[in-house]
Amino acid sequence: MSLEGRIALVTGASRGIGRAIALALAADGAVVACASTKPGGADETAAACGNGAMSLVCNIGDTESVTAAIDQITKERGGLHILVNNAGITKDQLLMRMSDEEWDDVIDVNLKGAFRTIKAAVRPMMKERWGRIINLTSIVGIGGQAGQANYAAAKAGLIGLTKSVAKEFGSRGITCNAIAPGFIETDMTSSLPDEMRDKITSTAAAGRLGTPEDVAATATFLASDGASYITGQVLVVDGGLTL
Ligand code: NAI
């Protein structure tokens, strides 16, 4: 139980990778605040986590909602040690057809959303002189992807944010790392055409798509005391797809 006594916030915890990360953190002993955009949206995840987990609203596209969520966690659970910036959206479109709105929405949620949560979360972490910030980027943020200019730009921006936060807060006992998953079986990738799914399966060294649990295991490691000398890094979890 390496995370016993730690309090964690996971954004977008209602399903997919966020749900798996919340469950894995709880299994390692953390008290997990499972956040969702809608009231009750993360109730099922929190119930499955047990161990004092709570379900709360945190819309990362709204600064007031983020501040209120972090205040609620520190009041009701006594602090905050681990922040997992998991929530994210896609609005895919070829650049020539991409609207300003599609660009702005994805940058606002996927990139500025992490700025909002980190800014609010570092205060309680500094008090504890211990913190773990884990940002979900993507291999698309490293290599780019046709039809995902907005998403790739946001995910690339998250890498710069990760490294900057690592430098700014390293001396306070706070680490900040990013996880760059490849293709993981979730609602976000459920509409992938079979042809693309087959191509990914045959290209990945692991010979399969990833599972949310593959990503969750990486997150629990980065959240642990064992990862205290790892900061500003991007851990690629893609089964060798981009080798
Ligand atoms: P998903 O679409 O299944 O879940 C995303 C979660 O974020 C949902 O719970 C949703 O309600 C929440 N969310 C959306 N907008 C929000 C907002 N404004 N405020 C708070 N929560 C919000 O996605 P999945 O696949 O579980 O992905 C999780 C993270 O991993 C995302 O950041 C995604 O970009 C990243 N990722 C996923 C990959 C995949 O293959 N599934 C690959 C690489 C990165």
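Both counts, for ligands and for their atoms, begin at 1 and track the order of listing. Along the sequence shown, the residues carry numbers beginning at 1.
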Report yes if the side chains of [X] and [Y] come closer than 4.5 Å at any heavy-atom pair, otherwise no.
{"X": "V106", "Y": "I89", "value": "yes"}
{"X": "I184", "Y": "I17", "value": "yes"}
{"X": "T175", "Y": "I230", "value": "no"}
{"X": "I73", "Y": "L56", "value": "yes"}
{"X": "D214", "Y": "R208", "value": "yes"}
{"X": "I133", "Y": "N177", "value": "no"}

Using heavy-atom distances only, which candidate in [options] approaches [atom] most closely?
{"atom": "atom 31 (C) of ligand 1", "options": "N86, N135, L136, L209", "value": "N86"}
{"atom": "atom 19 (N) of ligand 1", "options": "I60, T186, D105, N85", "value": "I60"}
{"atom": "atom 20 (C) of ligand 1", "options": "C58, A114, G12", "value": "C58"}

What is the minimum heavy-atom distance between [X] and [Y], and which atoms define it?
{"X": "T45", "Y": "A22", "result": "CG2-CB, 3.8 Å"}
{"X": "G18", "Y": "V10", "result": "O-CG1, 3.6 Å"}
{"X": "A120", "Y": "V66", "result": "CB-CG1, 4.2 Å"}

Protein residue, atom and distance nearest to [atom], heavy-atom basis:
{"atom": "atom 5 (C) of ligand 1", "value": "G88 O, 3.8 Å"}
{"atom": "atom 21 (N) of ligand 1", "value": "A87 CB, 3.3 Å"}
{"atom": "atom 40 (O) of ligand 1", "value": "I184 N, 2.8 Å"}
{"atom": "atom 8 (C) of ligand 1", "value": "R15 NE, 3.9 Å"}
{"atom": "atom 38 (C) of ligand 1", "value": "G182 O, 4.0 Å"}

Counting each atom of ligand 1 from 1 as listed, which ones have a heavy atom of [X] under 4.0 Å away?
{"X": "S14", "result": "9 (O)"}
{"X": "T189", "result": "39 (C), 40 (O), 41 (N)"}
{"X": "F183", "result": "40 (O)"}
{"X": "I89", "result": "14 (C), 15 (N)"}
{"X": "G16", "result": "26 (O)"}
{"X": "T137", "result": "43 (C), 44 (C)"}
{"X": "T37", "result": "16 (C), 17 (C), 18 (N), 19 (N), 20 (C), 21 (N), 22 (C)"}

Checking contacts here: is it the side chain or the backbone of [X] that comes within 4.0 Å of ligand 1, counting heavy atoms only? Could be both or neither.
{"X": "T90", "answer": "neither"}
{"X": "I17", "answer": "both"}
{"X": "K155", "answer": "side chain"}

Take atom 10 (C) of ligand 1 and look for protein heavy atoms under 4.0 Å from it; say yes if you find one, no if not.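 Given the 4.0 Å limit, the answer for atom 10 (C) of ligand 1 is no, no protein heavy atom qualifies.
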For the pair R116 and E64, find out whether any cationic side-chain nitrogen is under 4.0 Å from an anionic carboxylate oxygen.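 Answer for the salt bridge query: no.
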So, R6 and D225, do they make that salt bridge, N to O below 4.0 Å?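 Looking at R6 and D225, the cut-off is met.
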Report yes or no: does a heavy atom of [X] sit under 4.0 Å from some atom of ligand 1?
{"X": "N59", "answer": "yes"}
{"X": "S65", "answer": "no"}
{"X": "K38", "answer": "no"}

Within the structure, does Y151 bring an N/O atom to less than 3.5 angstrom of an N/O atom in ligand 1?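 Such a contact does occur with ligand 1.
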Looking at W130, I'd like to know if the NZ or CZ of R172 sits under 6.0 Å from its six-membered ring centre while staying within 45 degrees of the ring's axis.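 Relative to the ring axis of W130, which defines the angle, R172 lies outside at least one limit.
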Look up atom CD1 in I142 and atom NZ in K155, then write down how far apart they are to the nearest 0.5 Å.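 NZ of K155 is found 11.5 Å from CD1 of I142.
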Have a look at K163 and tell me which of I159, L161, V165 forms a side-chain contact (heavy atoms from CB on, under 4.5 Å) with it.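 For K163, the side-chain contact (heavy atoms from CB on, under 4.5 Å) check succeeds only for I159.
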